[in-house]
Amino acid sequence: MTRQDNGKVALVTGAGQGIGRAIAERLHADGFRVALADIDTDKTDEVAASLGGEQAGALSLHIDVADRQSVFDAVSAAKDRLGGFDVIVNNAGIAPLSAIDEITEEAIQRIFSINVNGVIWGTQAAAAAFRELGHGGKIIAAASQAGHVGNPGIALYSATKFAVRGFTQSAARDLAQYGITVNTYAPGIVRTPMMEAVAKNTADAAGQPEEWGWAQFTSGITLDRISEPADVANVVAFLSGSDSDYITGQSILVDGGMVFN
Ligand SMILES: NC(=O)C1=CN([C@@H]2O[C@H](COP(=O)(O)OP(=O)(O)OC[C@H]3O[C@@H](n4cnc5c(N)ncnc54)[C@H](O)[C@@H]3O)[C@@H](O)[C@H]2O)C=CC1
Ligand SMILES: CC(=O)C(C)=O
């Protein structure tokens with residue numbers, strides 16, 4: 001089907017691969033002009049080109065979500081070059097393993113600077129752009145099933161995702177007066193480079209084969225399969241559009257029934 005531009009602009013962080021890429025592709029197919037922002041622009045250059053490039057509403061941008069100025073610059077570039085600003089998807093994140101005894105000050109700072117500060121900077125920059133443009137908008141961030149319940153081996157990561165949910169609930173209260181909704185999506189186990197590394201590193205740390213690493217995370221999926229990035233993109237497409245206008249402050253689990261709460 002031919003793509004119909006819907007007149008709206010979305011920026012997706014971490015759009016170079018995995019879930020972010022699938023979200024950017026889905027929003028573009030739905031008619032959004034999309035800024036694909038990533039620290040690795042080799043990847044976003046390629047994805048944006050595959051969608052037809054800037055003239056076709058697919059703009060590759062550099063962003064380091066840990067750097068507030070970089071986030072504000074990317075939002076500003078998306079707004080100016082794509083002609084508006086309506087949705088931000090604060091998707092970029094990292095998931096290094098964290099055995100409790102081995103957590104260091106540097107490890108805490110690194111993961112929080114990306115997974116939490118990155119969401120805060122994206123929220124600030126998007127809210128400022130929406131207010132400047134005189135309309136509301138949608139702020140969406142990646143949480144995780146690990147931001148709803150504990151998982152072995154990823155305690156520090158889990159702390160960042162609980163933090164994202166807490167920030168989101170309060171930001172939803174603060175920004176409602178501007179017509180801005182704030183929500184998170186909480187994936188389960190998604191087949192991406194991140195999850196492949198998590199499974200492999202979990203197995204390596206225990207001296208076990210890789211399938212054992214996967215099994216630590218995949219038992220208990222009610223729908224009995226790992227998620228594909230498109231499963232998550234479907235829900236983010238809903239949160240980006242007007243059908244979700246009456247939802248704010250929520251974390252939507254997209255986990256095939258791993259966590260019921
Ligand atoms: N894969 C999974 O099973 C799950 C993933 N998530 C969350 O979903 C989000 C996306 O995950 P995946 O696609 O699996 O990850 P991924 O590692 O496959 O892709 C992440 C992307 O973010 C980019 N990135 C990393 N640091 C960045 C920075 N400082 N600034 C800008 N971009 C940066 C990377 O270059 C990469 O393109 C993350 O927030 C993750 O925590 C949540 C639950 C499960
Ligand atoms: C990487 C992640 O978010 C998991 C295992 O829930």
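Indexing begins at 1, ligand by ligand and atom by atom, following the structure's order.
- Close approach to Ile63 involves these atoms of ligand 1, each under 4.0 Å from a residue heavy atom: 30 (N), 31 (C).
- Closest to atom 36 (C) of ligand 1, if we only count protein heavy atoms, is Asp38 OD2, 3.6 Å.
- With ligand atoms numbered from 1 in the order given, ligand 1 contributes 21 (C), 22 (O), 23 (C) to contacts under 4.0 Å with heavy atoms of Gly14.
- Summarising the geometry, atom NE2 belonging to His28 is positioned 5.0 Å from atom CG belonging to Leu51; distances are rounded to the nearest 0.5 Å.
- Distances from atom 30 (N) of ligand 1 to the heavy atoms of Val198, Asn90, Thr41, Val65 show the closest one on Val65.
- Look at Gly188 and you'll find a heavy atom under 4.0 Å from some atom of ligand 1.
- For Gly93, the heavy-atom gap to ligand 2 stays at 4.0 angstrom or more.
- Tracing side-chain contacts under 4.5 Å through hydrophobic residues (I, L, V, M, F, W, Y), one reaches Leu27 starting from Val254; they form part of the same cluster.
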Just do the side-chain contact (heavy atoms from CB on, under 4.5 Å) check on Phe72 and Asp67 with the steps written out, would you? CA-CA 9 Å; Phe72 273 72; Asp67 175 350; over 6 Å; no
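- For atom 39 (O) of ligand 1, the closest heavy atom belonging to the protein is Asn91 O, 2.8 Å.
- Less than 4.0 angstrom separates some heavy atom of Tyr157 from each of these atoms of ligand 1: 6 (N), 7 (C), 40 (C), 41 (O), 42 (C), 43 (C).
- To the nearest 0.5 Å, atom CG of residue Leu133 and atom CZ of residue Arg131 are 11.5 Å apart.
- For atom 4 (C) of ligand 2, the nearest protein heavy atom (residue, atom name, distance) is Gln145 NE2, 3.7 Å.
- Of the heavy atoms in Met195, only side-chain atoms (C-beta onward) come closer than 4.0 Å to ligand 2.
- At a heavy-atom cutoff of 4.0 Å, ligand 1 is contacted by no atom of Asn115, backbone or side chain.
- When only interatomic distances are considered, the shortest N/O to N/O separation between Ile19 and ligand 1 falls below 3.5 Å.
- Ligand 1 has no N or O atom lying under 3.5 Å from any N or O atom of Ile189, backbone or side chain.
- The side-chain tip of Arg110 does not point at the ring of Phe112 from less than 6.0 angstrom away and within 45° of straight on.
- Proximity of Lys161 to ligand 1 is established by a heavy-atom distance of less than 4.0 Å.
- Classification of Glu228 and Arg191 as a salt-bridged pair holds, one side-chain N sitting under 4.0 Å from a carboxylate O.
- For atom 16 (P) of ligand 1, the nearest protein heavy atom (residue, atom name, distance) is Gln17 NE2, 3.3 Å.
- Each of the atoms 38 (C), 39 (O) of ligand 1 lies under 4.0 Å from some heavy atom of Gly93.
- Between Asn6 atom CG and Asp86 atom CG the span is 8.0 Å, to the nearest 0.5 Å.
- Here is the list of ligand 1 atoms found below 4.0 Å of a heavy atom in Pro193: 18 (O).
- Assignment of Thr13 to the shell around ligand 1 is not supported, since no heavy atom sits closer than 4.0 Å.
- Aromatic rings from Tyr178 and Phe130 are positioned such that their centres are separated by 6.0 Å or more.
- Across Glu196, Met194, Arg191, heavy-atom proximity to atom 11 (O) of ligand 1 is greatest for Met194.
- Residue Ala143 places a heavy atom under 4.0 Å from ligand 1.
- Close approach to Met195 involves these atoms of ligand 1, each under 4.0 Å from a residue heavy atom: 1 (N), 3 (O).
- Scanning the protein heavy atoms around atom 12 (P) of ligand 1, the nearest turns out to be Thr192 OG1, 3.7 Å.
- Against a heavy-atom cut-off of under 4.0 Å, Gly18 is close to the following atoms of ligand 1: 13 (O).
- Remark: distances from the non-hydrogen atoms of Ile189 to ligand 2 include one below 4.0 Å.
- Of the charged side-chain nitrogens involved, at least one lies within less than 4.0 Å of a carboxylate oxygen, so that Lys138 and Asp245 count as a salt-bridged pair.
- Here the heavy atom of the protein found nearest to atom 32 (N) of ligand 1 is Ile39 N, 3.3 Å.
- Atom CG of Asp80 has more than 12 neighbouring heavy atoms from other residues, nucleotides or ligands inside a 6.0 Å radius.
- The protein heavy-atom contact nearest to atom 3 (O) of ligand 2 is Tyr157 OH, 2.6 Å.
- Geometrically, ligand 1 and Gln145 share no nitrogen or oxygen pair separated by less than 3.5 Å.
- The Ser144 neighbourhood of ligand 2 comprises atoms 2 (C), 3 (O), 4 (C), 6 (O), with distances under 4.0 Å to a heavy atom of that residue.
- Remark: the Asn91 side chain and the Tyr185 side chain contain an N/O donor-acceptor pair separated by less than 3.5 Å.
- Within 6.0 Å of the CD atom in Gln4, the count of heavy atoms belonging to other residues, nucleotides or ligands does not exceed 12.
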